[in-house]
Every structure is written in C-alpha cells, then in structure tokens.
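Proteins get letters first, then strands, A, B, ... in listed order; numbering begins at 1 in each.
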Amino acid sequence: MKFSQFFIPTLKEVPSEAEIPSHSLALRAGLIRKVASGIYSFLPLGFRVLKKIEEIIRQEMNNSGAIELYLPVMQPSVLWEKTGRWKEYGPEMFRLKDRNKRDFCLGPTHEELITYLAYLDLKSYKNLPVNLYQIQVKFRDEMRPRYGLLRAREFIMKDAYSFCRNDDDLGIIYKSMYDAYCRILERIGLQYRVVEAETGLIGGKFSHEFMVIAENGEEKLAFCPVCGYSAKYEMSKSISEAGKEKTNKEKTVKEKTGKENKDNKINKLGDFTYPYPEPEQEDRCSNCGKELKIEKGIEVGHIFKLGDKYSEKLDARFLDVDGKLKPLVMGCYGIGVTRILAAAIEQLHDNKGIKWPPSIAPFTVNIIVTTEKNSELSKASDMIYKTLKKLDVEVLYDDRDVSAGIKFKDSDLIGFPLRFILGRKFLGSKLIDVEYRKDGKRVELPVDSIPKFIKEFKAANNLR
RNA sequence: CGGGGUGUAGCGCAGUUUGGUUUAGCGCACCUGCUUUGGGAGCAGGGGGUCGGAGGUUCAAAUCCUCUCACCCCGACCA
C-alpha cells in the first residue's frame, strides 16, 4: 500500500479530550475518531488492527473446538424478562421500541439469546458438549464512558458460551478456554496476568480475569514474582508480618467503616469512599511467603462457570443418558477485541508513539524515501516495495511528497515494527537502513538480503 | 447520578475579569506558486469561524443574566 493512496489522517497535537496514551495515540495515529461519548469510528488503520486481533482470537477459538456463529444485536425484551435481567440491568441497557411498541434492547451481552438457541436445538446429551462463539458488537450505556476505547459504550468482543451435561465437562471446556486466552495474549505479544475474580451481574460460581499489565490500568493486582500467585488486589490474600492471614477486602471494609461486617461483603458502596489501601511492605504471598508485588492491569478477558442459572430460567434442558431431563450446564467466556487494541497501545508505547507488536501491527514495514525526487532513489524504492510485496509482507510505502521529518514522525507515531529508510546513503552504499521500532536499533541491509531478513523476522515473530 | 471543568476555523489555544478600540486573533493543518527534502522546511499569496444552542439585558454582547445541549475529569459501578 502506498501512503499517498491510503487514508491515514495523523494529528500532530494532542487532542484535549484524551488523557491517557492509548486514547491520545489512537486518535493521533489515525486509528479512530470519536462520534459521541464512548462511540468511535474505526479508520482504515485501526480497522486493520481490529481484524488482526479478531483473526488471532478466531484461530485460537477454532483450535480449541469452539464453533463460530452470529447472533443479532437487537434482542426482544421477552427473553430478558424470563431471566429477570430486563429490570436488573437498569439504565446500562440501551432500550428501544419497534413500530408496534414492543420492547427491544441493543445487546449488552448474549446469554439470553444463546440459551434460547440451546433451548430450541440442544435436546440430547448426544449434542453435547458444544461451545459456540461470536465476534460481535456490544452496547452498554456506561454511567461513565472514559479513556477512549478502554471503556466505550459500543465495543467489540468475542463471547463464547459452552453447554455441557455436567460440571466435569464444563471444567474441561473452562480449562480449554483458559488456555486459549493465554495463547491469544501470548501470540499478540502482551504481558498479562490471570487472576481470580468476582462474577458480578453475569452470575455463576467463580471466574478468572485476564489482565494486560499497564501503567494506566484500572485494576490493581497483587502478584508474587516467586510462585506466580496473582489476584485482584482487593481479593488478594497475604500474610502480614504478624503472621496472620488476611484478605485486603476484609481489611478495607473494617478500616473504612470502623466496624465488623459479618460476611466480609460490602453491601452499600455509596455509604463510604472505597479507595484501595496502599500496598504495604509487610504484605507477603500467602502461598510461599515472599513479598507481593503490586501491579496495575487492564481487564481484557473474563471467563465464567455459569452452571444452570440461565438454562433453568429459560428452560433449556436436555435428555441425559439416564433418560432424565436436566438443565444444560453453561459457561461463558468473553474477551474484548477493541479493548485489547487499546490495552496493547497502553502497554507498548513511548513518547513518540505506538510500538505495535508485529502480530497485530497494521503494516509490518514502513518504507521511507527521504528524497523522493531523485529518480534513481525512487526507482530503487519502487523495486524494494515490490520485492516486499512479493515476499507477502504488509508494507506501507511512504511515497508522499513531504519532508523526511514528517515521514519519520508519522512512522514513529503509527508504530510500524520495521522501517526501511532509503536516502542519500543508499545512493552511495546501496545499503538500506532498517530500524526496529521496538528498541530503535538499526542494521544496514543490502538489497539482495531482503528475502533472508524478512524470512528471519517472520520466523522470530510468528508471522505467516 | 453527585462533584469539578471546558465549549471561539479541521486540531491546539488567546481574547471573556473591567461590554464598544477585532471587518474576531495566533500557531499548526489546508489551497496556489517557487525554493526545499536523513527527523514535523522557507518565502510569497490565499480560503475557512459569527464565538455550542435558545432566550434575555443593552444604543452596543464571544464578553453580562437565564435556560439548555455536548464533551472531559474525579467518585460510585463496570468487559
């Protein structure tokens, strides 16, 4: 792709609405534009990244036996009334009426719909287990959208729902989803932690959250560098110097209210402010006794064991081998596509711009020609552009008639993993300056070594 | 929803306190021409806003008053 024929509106200045790097850089690099609070358009560059994230997720889901389908965004209220969530969800749900005044919502999640599908078509243990997923847009009227893509009102997520005969089978699928999520984040190339978490409005017995480590993360995590124990900070167990085991939640409730709370649960959050306590020196891992490290993370994935909460209410039952009618045992597994995009920027950037991991970079190589009007040089860069395309490299050739400085700045901002620089030096030595965005390192590359270089780069970064 | 803040050209801002001296200004971006091109170039010329919206006060409103809308931040809550 030639830069001059593509659409990449970059911004030189920091938009006043953006507070954190992922938001600011996504706007500046021409990935997204805001339409309304928490609602964004994806420009071509951002869209390419989205598609790459989706594809990695899709491959890993398919590899772990999940099957893709597509459920509607618009959902009738009747199903939600059966599960009681039409009321429970409250103002967070975007609601609308059709011409006949029937109630609908824009799906904030899809348990009701998928369970309805199971009710219709999963009648026998012979159909089980089955794990269905979709990559779909979701709508949640957040009380406070913020940080650009990190907390949007319209966002894309992959959600999977599994149906099993019993808890044992559920356990197997749960584990396979857990592993798939780890592979997804590893393939993308992000540092992350898996923590135990509460289940919230979705319900169910217990859950794991997948956190991408980042400075601006909304979640505080406790992590043991020695044994690998990790948990959300407020749920983390630690041993104080006194040797007494405690969880941070107990401590918080007691300290803030000044009184005991029998089940250690916070009942009315509005009653008092609830800042997490500052990490304490004496907090030690309850597993191995080593000092806990406090980190911040962005939640990108959440997996739940639902059990029969939805299947009971929506009457989704199957006939088991023993001839008995039983509710389907469910699990659900969500991972945020648009949120991963933001989290990746949040974790991988510097003061010049984004540093895309090669797995999801919009383009792998950016060719910069510093003096476009030299015919020898433009011939050479055209040739190199074609060579890279032939090698099946995603390359953005900056052929714009602008000063070299602009090309360099845009290149840093957008964050292509590799930059091929052709200028005066090339005219003399016939060597291309190849620069890595990751660490700024440069190597000199003869033209005929391009195939070998690309092959090695792809192999090292797991690209096709 | 409570508290705080901001709305002036595509983006970033000044002007608002003390209404008139501004045909509303600056930087960047944009258009034309020439010169430039290894880290956001130079000169010359040019286009674009009626000051978020509505109402009001006044001889006169970006500036004062009332209402309203949008957006951002903190909190509660949340993928």
Sequence neighbours left out, cut at 3.5 Å: what donor-acceptor pairs do the side chains of residues 72-80 of chain A make with other protein atoms?
{"from": "A/Gln75", "atom 1": "OE1", "to": "A/Trp80", "atom 2": "NE1", "distance (Å)": "2.9"}
{"from": "A/Gln75", "atom 1": "NE2", "to": "A/Thr109", "atom 2": "O", "distance (Å)": "3.3"}
{"from": "A/Gln75", "atom 1": "NE2", "to": "A/His110", "atom 2": "NE2", "distance (Å)": "3.2"}
{"from": "A/Ser77", "atom 1": "OG", "to": "A/Asp103", "atom 2": "O", "distance (Å)": "3.4"}

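Taking atom P on both nucleotides, B/A70 is separated from B/G53 by 15 Å, rounded to a whole Å. Comparing the P positions of B/C65 and B/U57 gives an interatomic distance of 15 Å, to the nearest angstrom. One C1' atom belongs to B/G38, the other to B/G33, and the distance between them is 27 Å to the nearest Å. Distance check on atom P: B/G25 versus B/C72 gives 31 Å, rounded to whole Å. Taking atom C1' in both B/U68 and B/U22, one finds a spacing of 29 Å when rounded to whole Å. Between B/U8 and B/G48, the distance separating the two C1' atoms is 14 Å to the nearest Å. Across the C1' atoms, B/A24 and B/C31 are found 23 Å apart, a figure rounded to whole Å. Atom C1' of B/C64 sits at a distance of 16 Å from the matching atom of B/C51, rounded to the whole Å.
Backbone-only engagement by A/Lys34 is indicated by non-hydrogen atom pairs under 4.0 Å involving sugar-phosphate atoms exclusively. Within the 4.0 angstrom heavy-atom criterion, base atoms lie near A/Asp433. Within 4.0 Å of A/Gly336, counting heavy atoms only, lies no atom of the nucleic acid at all. Heavy atoms of A/Met143 sit under 4.0 angstrom from at least one base atom. If you check every strand for non-hydrogen atoms under 4.0 Å, A/Arg33 touches nothing. The residue A/Ala342 sits apart from the nucleic acid: no heavy atom pair falls under 4.0 Å. Nucleic acid contact for A/Val402: base, since at least one base atom lies under 4.0 Å from a heavy atom of the residue. When heavy atoms are screened at a 4.0 angstrom cut-off, A/Glu17 is found touching the sugar-phosphate backbone but no base atom. Residue contacts shown for A/Arg419 include a base, since a base heavy atom lies under 4.0 Å away.
Checking B/C73, B/C71, B/G38 against the side-chain heavy atoms of A/Tyr147 singles out B/C73 as nearest. Nearest to the side chain of A/Arg146, among B/G40, B/G75, B/U36, sits B/G75. Checking B/C72, B/A29, B/G38 against every side-chain atom of A/Lys12, the shortest atom distance belongs to B/A29. Nearest nucleotide to the A/Glu19 side chain, out of B/C72, B/G27, B/A29: B/C72. In this structure, the nucleotide among B/G27, B/G40, B/G38 sitting nearest to the side chain of A/Ile421 is B/G38. Out of B/G39, B/U36, B/C13, the shortest distance to the side chain of A/Asp401 is found at B/U36. Here the nucleotide nearest the side chain of A/Ala36, chosen from B/C71, B/G38, B/A76, is B/C71. Of the candidates B/U37, B/C28, B/A76, B/U37 carries the atom nearest the A/Thr370 side chain, counting heavy atoms from C-beta on. Distance from the side chain of A/Arg144 is smallest for B/C74 among the nucleotides B/G38, B/C74, B/A29. In this structure, the nucleotide among B/G39, B/C71, B/G12 sitting nearest to the side chain of A/Ser37 is B/C71.
Of the nucleotides present, B/U6 is the one that pairs with B/A70 by Watson-Crick or G-U wobble criteria, both distances under 3.5 Å. In this structure, B/C11 and B/G27 make a Watson-Crick or G-U wobble pair, each of the two defining distances being under 3.5 angstrom. With a cut-off of 3.5 Å on both pairing distances, the Watson-Crick or G-U wobble partner of B/C1 is B/G75. Pairing partner, B/U16: none, since no Watson-Crick or wobble contact has both distances short of 3.5 Å. For B/G33, the paired base is B/C43 (Watson-Crick or G-U wobble, both distances below 3.5 Å). Partner assigned to B/U57 is none, using Watson-Crick or G-U wobble distances below 3.5 angstrom.
Contact annotation: side chain of A/Arg400 to base of B/G40, donor-acceptor pair absent below 3.5 Å.
Annotation: cation-pi geometry not satisfied between A/Arg153 and A/Phe94 (NZ/CZ under 6.0 angstrom from ring centroid, within 45° of ring axis).
From A/Glu435, atom CD reaches atom CG of A/Leu445 across 13.5 Å, with rounding to the nearest 0.5 Å.
Checked by atom type and distance alone, the side chain of A/Ser311 pairs as donor or acceptor with a backbone atom of A/Leu328 at under 3.5 Å.
Ring planes of A/Tyr178 and A/His208: perpendicular class, angle over 60° (limits at 30 and 60°). Between A/Phe416 and A/Phe363, the ring planes are tilted. Angles from 30° to 60° get that label.
Listed pair A/Ser403 / B/A41 meets the phosphate criterion, a side-chain N or O lying under 4.0 Å from OP1 or OP2.
At a threshold of 4.5 Å between non-hydrogen side-chain atoms, the residues A/Ser162 and A/Leu170 count as touching.
A/Asp382 and A/Tyr397 share a donor-acceptor pair across their side chains, judged by distance under 3.5 Å alone.
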